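Okay, so here's the structure we're looking at.
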Amino acid sequence: MARELSEQERRRREERRELEAAGINPYPYAWDVTAHAAEILEAYDDDRHGAPGNEDGKAVYRVSIAGRIMSKRVMGKAAFFHLQDSSGQIQVYLRRDDLPEGFYNTVFKKLLDIGDIVGVEGYVFRTRMGEVTVHAERIELLAKALRPLPVVKEADGKVYNEVTDKEFRYRQRYVDLIINPEVREVFRKRARLIATMRRFLDERGYIEVETPVLQPLYGGAAARPFTTHHNALDMPLYLRIADELYLKRLIVGGFDGVYEIAKDFRNEGLSRFHNPEFTMMELYVAYKDYVWMMDLVEEMIETIAVALHGSPEVPVGEHTISFARPWKRIPLFDAIEERTGRQLYGKRRDELAAIARELGLEIDDAMGAGKIIDEIFGEFVEPHLIQPTFITDYPVELSPLAKRHRSKEGLVERFEVICNGKEICNAFSELNDPDDQRARFEEQVRLALAGDEEAAREIDEDYLRALEYGMPPTAGLGVGIDRLTMIMTNQPSIRDVILFPLLRPEQPAEPSPASPAEAPAEAPAEAPAASPPGEG
RNA sequence: GAUCCCGUAGCUCAGCUGGCAGAGCAACUGACUUUUAAUCAGUGGGUCCCAGGUUCGAAUCCUGGCGGGAUCACCA
């Protein structure tokens, strides 16, 4: 049942017993925190703060802090340790003779470890070596750690024993956050990014709404869904792959602007750029088109870059990306021509396939004209677009929810923003002609029947009914929050901007001990191995 | 799904052509009342990812599996 404990774990449990025997609760209830490490370091000033007992007329800077012991240096009757709270680390100094009888030798030296959470009350001073430090007058254990914390040390900018194992860091993100300060910073920036975006949208009067995660029909994107089941109604449900169709119903309902920042779920492979659940912001604004939306996107993302970096310039890998407006805007076909020398607009499917093959791509018969164009773009153009770039005007067959282009036959009014070689936004003038929408849905169903696993299988009749009541001209936008965060925080993998990315389970699928299925499941597994020699 | 790389103490890692499983940090005992990768002396700690195989002998070689990473495929 219980896993075997390591030597250090056994010792910490023994310490816990000794603490309890000494009348110390290893898990007490609260601690009055009056200051954090970062603000103490910032506020401390030799000219204004003195030490108790000095007749120097300076004020004593008293603090009460709490956090985790990250290092411990005992030197006879005095000791130092570093305490880490949410703001950072600060050194604590303690002397045997300043503390209650027996505390230093028995409790501090023997029973408190790196990783334990303590409260410290004392006054701030500066050591001989110049480090601002809290001189402890009271220390209390606030939570005993029963597992040893990996000890990361640092000197002269070099880090020793850094935990680099990605698996360890993703599976035990709590430990990663404790020992890697830059990880905390990434997720603070992610929070600030979302907060900035939300404020930007709220200031413009758009309403934040919540639409169903569990949907009887899924739509709004091309992707395979996760399927689940509702017991009481005995019906299948899908986890949403996009919010789009519900948000546009709300535009029909009379809101001028709605947005949602929420998780979508797509039943696809995992990669540096894909996690099965990911965060998307979708925005729909009535009486606007995709040209207007480009202006809004530029302003919003520039605002975010400035909020996070103090400037629109963001370092990403070996590049510096500038989100300063305006960004380059180029039609899809012109972008392809720039890179390949081929103008594809107006070409038939067989001509496109021939060009793609000349360019060295593998084309199979199942690929439509739009798909081939998309392949060429993805191979020859997209990776080269480092600075944020609007790619506009896509083939209609790639965009079943976008409105036909007002002047270019066969295209829709759609743009994507490509940045650092990847799509971060997708937007269009929304299709609001219900009959055209029905025809596009029917085409999707046809593709699904022909084997396209990502095309919608069923027509969303309720959505068409909504459009038939009349939807104003509308501009729509989707922003991949995770990918935008990767760029804004300079992280190469989506797993580094998602706190708990999906991993395979650690245990190779053992039946849970609580499961009644365990006994019957194990019995037949053992029987064949045991029976041939024994029975017969 | 394919290919390549990785899996050894709590953490970081060494361990060659097969020959007693190691180092630093952490831990433990002792010394040290302003240290800072504290220092000094000593001690303990291992399912070498799992299961087979080869061999007198496997952390090491072989096969299969599990887990992770990277690249590719997939991903409008």
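Lettering of chains follows the sequences in order, A, B, ..., and the numbering in each one begins at 1. None of these values were measured; they are calculated from a predicted model.
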With heavy atoms under 4.0 Å as the rule, sort [X] into base, sugar-phosphate or nothing.
X       : result
E423(A) : nothing
F125(A) : base
R272(A) : sugar-phosphate
Y170(A) : sugar-phosphate
K158(A) : nothing
R95(A)  : base
D165(A) : sugar-phosphate

**Study point:** side chain to side chain donor-acceptor pair (under 3.5 Å) contacts touching residues 152-164 of chain A (sequence neighbours left out)
**Key:** none

Point to revise | Listed partners of K403(A) passing side chain to side chain donor-acceptor pair (under 3.5 Å), at least two apart | key: N432(A)

Check your understanding: Under the side chain to side chain donor-acceptor pair (under 3.5 Å) test, which residues partner K144(A), sequence neighbours left out?
Key -> E15(A), D113(A), D116(A)

Check your understanding: Partners of Y93(A) by ring pair (Phe, Tyr, Trp, His ring centres under 6.0 Å), sequence neighbours excluded?
Key -> F80(A), F125(A), H135(A)

Could you check which nucleotide pairs with [N] in any of the strands shown, counting Watson-Crick or G-U wobble with both distances under 3.5 Å?
N      : result
A70(B) : U3(B)
A26(B) : none
A37(B) : none

From the options [options], select the nucleotide whose nearest atom is closest to the side chain of [X].
X       : options                : result
A78(A)  : A76(B), U33(B), A37(B) : U33(B)
S271(A) : G10(B), A73(B), C11(B) : A73(B)
E167(A) : G68(B), U34(B), A76(B) : G68(B)
N161(A) : G68(B), G24(B), U34(B) : G24(B)

Could you tell me whether the phosphate oxygens of [N], OP1 or OP2, come under 4.0 Å of any side-chain nitrogen or oxygen in [X]?
X       : N      : result
R504(A) : G67(B) : yes
T164(A) : C13(B) : yes
K153(A) : G24(B) : no
R73(A)  : U39(B) : no

Exercise for review: Over 60° means perpendicular and under 30° means parallel, so classify the ring planes of Y463(A) and F441(A), tilted if in between.
Suggested key: tilted

Review point. Can you find a side-chain donor-acceptor pair between S493(A) and R272(A) that sits under 3.5 Å?
Key: no

Check your understanding: I363(A) has an atom CD1; how far is it from atom C1' of A73(B), in whole Å?
Key -> 15 Å

Revision key, fill the gap. Sorted by chain and number, sequence neighbours left out, side-chain contact (heavy atoms from CB on, under 4.5 Å) with E454(A) holds for A222(A), R224(A), E268(A), D452(A)

Practice item. Could you say whether E131(A) or K166(A) is positioned toward the 5' end of RNA chain B, judged by the nucleotide with the nearest heavy atom to each? Key: E131(A)

Practice item. Flag the pair E7(A) and R10(A) as a salt bridge only when some basic side-chain nitrogen lies within less than 4.0 angstrom of an acidic carboxylate oxygen. Key: no

Could you write out each protein N or O paired with an N or O of nucleotides 27-29 of chain B at a distance under 3.5 Å?
unit_1 : atom_1 : unit_2 : atom_2 : d
A27(B) : O3'    : R11(A) : NE     : 3.1
A27(B) : O3'    : R11(A) : NH2    : 2.9
A27(B) : O2'    : R11(A) : NE     : 2.9
C28(B) : OP1    : R11(A) : NH1    : 2.9
C28(B) : OP1    : R11(A) : NH2    : 3.3

